[in-house]
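Residue numbering restarts at 1 for every chain, and letters A, B, ... go by the order of the sequence lines.
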Number of protein chains: 2
Amino acid sequence: MDWVSHAQAELRGAGYRPGAAARLVLEHLDREDCCRGAQEIFDALSTGGTKVGLASVYRMLERLDERGLVQRIDLGDGIVRYEAARDAGHHHHLVCGACGKVEPFADRRLERAIEAVEERSGYSVVAHDVVLRGACANCRD
Amino acid sequence: MDWVSHAQAELRGAGYRPGAAARLVLEHLDREDCCRGAQEIFDALSTGGTKVGLASVYRMLERLDERGLVQRIDLGDGIVRYEAARDAGHHHHLVCGACGKVEPFADRRLERAIEAVEERSGYSVVAHDVVLRGACANCRD
DNA sequence: TGGTCGACGATAACGATTCTCGTTATCGTC
DNA sequence: GACGATAACGAGAATCGTTATCGTCGACCA
Ligand SMILES: [Mn+2]
Ligand SMILES: [Mn+2]
Ligand SMILES: [Zn+2]
Ligand SMILES: [Zn+2]
């Protein structure tokens with residue numbers, strides 16, 4: 001089952017009744033390959049001719065986040081971004097402070113190190129964020 | 001040389017002229033062992049009888065961050081926190097989503113994994129953030 | 001001592017997010 | 001197929017952390 005249908009089913013199972021706005025937000029997230037902010041999603045849907053309220057975008061993102069259907073990403077610039085959470089695509093982000101570029105990366109060794117910390121921590125860890133900041137290949141020096 | 005003097009010297013070398021407000025903020029950060037937000041620092045200094053403007057707190061934190069004298073920490077709750085950056089005390093944070101507790105942790109293996117990613121990335125990485133979220137020992141189940 | 005320049009603090013402006021509320025869509029029931 | 005309950009939806013107001021502005025003051029130097 002595709003991610004959109006899966007998310008809709010999950011929401012329904014939680015007592016929600018996803019409608020038109022929910023579907024448009026889900027389909028948009030499904031289409032994007034990396035993280036997007038609420039306003040960004042709102043703008044994209046608006047220029048696309050469809051009509052979704054900004055509040056609905058925020059509502060959806062919050063609900064999806066609560067159920068782990070999206071990964072919430074805070075790059076520290078005051079905009080919270082989200083991306084569809086699929087089993088396969090777990091990754092973190094490199095941010096260029098000069099040009100603002102955001103790139104995903106994945107690293108098994110890093111993930112294992114984090115798991116080890118989780119076990120020692122005494123916490124029941126449900127999520128983790130890693131952000132690397134610096135200058136990208138084009139911007140350095 | 002202690003961290004406060006070091007920070008003051010560094011600021012002076014950058015052309016700033018740290019005064020009374022700067023000193024109070026620095027001394028407060030030096031006293032705290034983990035990250036604090038601007039408003040939190042402002043309140044602490046206010047109840048302490050001293051008088052420092054909120055703008056001065058923000059100004060100091062920004063300047064200290066630019067020069068790497070503090071570590072900027074974004075736990076995703078809309079409040080940016082900072083802590084004195086000392087060579088010895090590098091660490092990251094565990095956040096309990098239930099009670100709000102924030103605890104530091106340090107892990108050499110995690111740091112090495114991050115360094116390895118940095119090298120492969122093509123970026124000139126200057127900082128990294130790691131946040132683990134979940135339920136602390138008291139709050140789980 | 002007078003002049004320059006940045007530090008300082010008060011306050012207004014800003015902007016992302018959240019809240020509120022009236023309207024509309026959905027769903028199970030009759 | 002209408003009905004009533006309930007949640008979704010969108011518009012706009014409110015919130016609140018952060019930033020920008022500006023007048024005043026004090027440190028430093030000629
Ligand atoms: Mn990971
Ligand atoms: Mn580290
Ligand atoms: Zn991504
Ligand atoms: Zn800390």
Side-chain angles (χ1 to χ4, degrees), chain A residues 4 7-28 35-67 69-70 72-82 100, chain B residues 4 7-28 35-67 69-70 72-82 100:
Chain A
V4 172
Q8 283 176 320
E10 196 77 16
L11 288 174
R12 249 184 275 275
Y16 295 115
R17 302 191 310 209
R23 188 174 49 76
L24 287 168
V25 171
L26 287 174
E27 286 173 351
H28 183 74
C35 47
R36 302 282 179 253
Q39 188 73 52
E40 203 174 354
I41 295 168
F42 173 78
D43 291 343
L45 291 177
S46 298
T47 57
T50 55
K51 183 147 174 158
V52 170
L54 182 55
S56 296
V57 176
Y58 275 106
R59 248 187 312 249
M60 279 306 296
L61 294 174
E62 183 183 2
R63 288 175 185 181
L64 294 172
D65 185 35
E66 280 169 359
R67 317 233 134 233
L69 294 164
V70 291
R72 176 193 162 111
I73 292 150
D74 189 334
L75 301 177
D77 62 351
I79 297 172
V80 178
R81 277 162 255 252
Y82 298 85
Chain B
V4 172
Q8 283 176 321
E10 197 77 15
L11 288 173
R12 252 185 276 274
Y16 295 114
R17 303 192 309 209
R23 187 175 49 76
L24 287 168
V25 171
L26 286 173
E27 286 173 351
H28 183 75
C35 47
R36 302 285 179 249
Q39 189 73 239
E40 204 174 353
I41 295 169
F42 173 77
D43 292 343
L45 291 177
S46 298
T47 57
T50 54
K51 182 144 174 160
V52 170
L54 183 56
S56 296
V57 176
Y58 276 106
R59 244 187 316 250
M60 279 305 297
L61 294 174
E62 184 183 1
R63 288 175 185 179
L64 294 172
D65 185 35
E66 280 169 359
R67 319 231 137 238
L69 294 165
V70 291
R72 177 194 161 110
I73 292 150
D74 189 334
L75 301 176
D77 63 351
I79 296 172
V80 179
R81 277 162 253 251
Y82 297 85

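Remark: B:Ser56 is in phosphate contact with C:dG9, judged by side-chain N or O atoms under 4.0 Å from OP1 or OP2. Distances shorter than 4.0 Å separate some side-chain N or O of A:Tyr58 from OP1 or OP2 on C:dT17. Put simply, A:Lys51 has no side-chain N or O that comes within less than 4.0 Å of OP1 or OP2 on C:dT24.
Scanning atom types as modelled, one donor and one acceptor separated by under 3.5 angstrom connect the side chain of B:Arg59 and the base of C:dG9.
Base-pair partner of C:dC5: D:dG26 (Watson-Crick or G-U wobble, both distances under 3.5 Å). Base pairing annotation: C:dT29 forms a Watson-Crick or G-U wobble pair with D:dA2, both donor-acceptor distances under 3.5 Å.
Between the side chain of B:Ser56 and the backbone N or O of B:Ala21 there is no donor-acceptor pair closer than 3.5 Å. Without hydrogens or angle criteria, B:Glu40 side chain to B:Gly37 main chain gives a donor-acceptor distance under 3.5 Å. Without hydrogens or angle criteria, B:Arg72 side chain to A:Gly76 main chain gives a donor-acceptor distance under 3.5 Å. Formation of a donor-acceptor pair under 3.5 Å by the A:Thr47 side chain with backbone atoms of A:Asp43 is found in this model.
Between A:Leu24 atom CG and D:dG10 atom P there is a gap of 9 Å when expressed in whole angstrom units. The distance from atom CG of B:Leu54 to atom P of C:dA12 is 14 Å, rounded to the nearest whole Å. Rounded to an integer number of Å, the gap from CZ of A:Arg23 to P of C:dT26 is 10 Å. When the P atom of D:dT18 is taken as reference, atom CD1 of A:Ile79 falls 15 Å away, rounded to whole Å. In this structure, CG of A:Leu11 is placed 13 Å from C1' of D:dA7, rounded to the nearest angstrom. Rounded to whole Å, atom C1' of C:dT17 lies 9 Å from atom OH of A:Tyr82. Going from atom CG of A:Asp43 over to atom P of C:dG15 covers 14 Å, rounded to whole Å. Between A:Gln39 atom CD and C:dT18 atom P there is a gap of 13 Å when expressed in whole angstrom units.
Listed nucleotides: C:dA10, D:dT19, D:dA8. Nearest to the side chain of A:Arg17: D:dA8. In this structure, of D:dC9, C:dT17, C:dC8, it is C:dC8 that holds the atom nearest to the side chain of B:Ala22. Looking at the side chain of A:Ala38, the nearest of the listed nucleotides D:dT18, C:dT17, C:dG9 is C:dT17. Comparing C:dG9, D:dG10, D:dG17 by their nearest atom to the side chain of B:Val52 picks out C:dG9.
In this structure, A:Arg63 reaches the sugar-phosphate backbone alone: every heavy-atom distance under 4.0 Å involves primed, P, OP1 or OP2 atoms, never a base. As judged by a 4.0 angstrom heavy-atom cut-off over every strand, A:Ala55 is placed among the base-contacting residues.
Between B:Pro18 and B:Arg23 the shortest side-chain heavy-atom distance does not fall below 4.5 Å.
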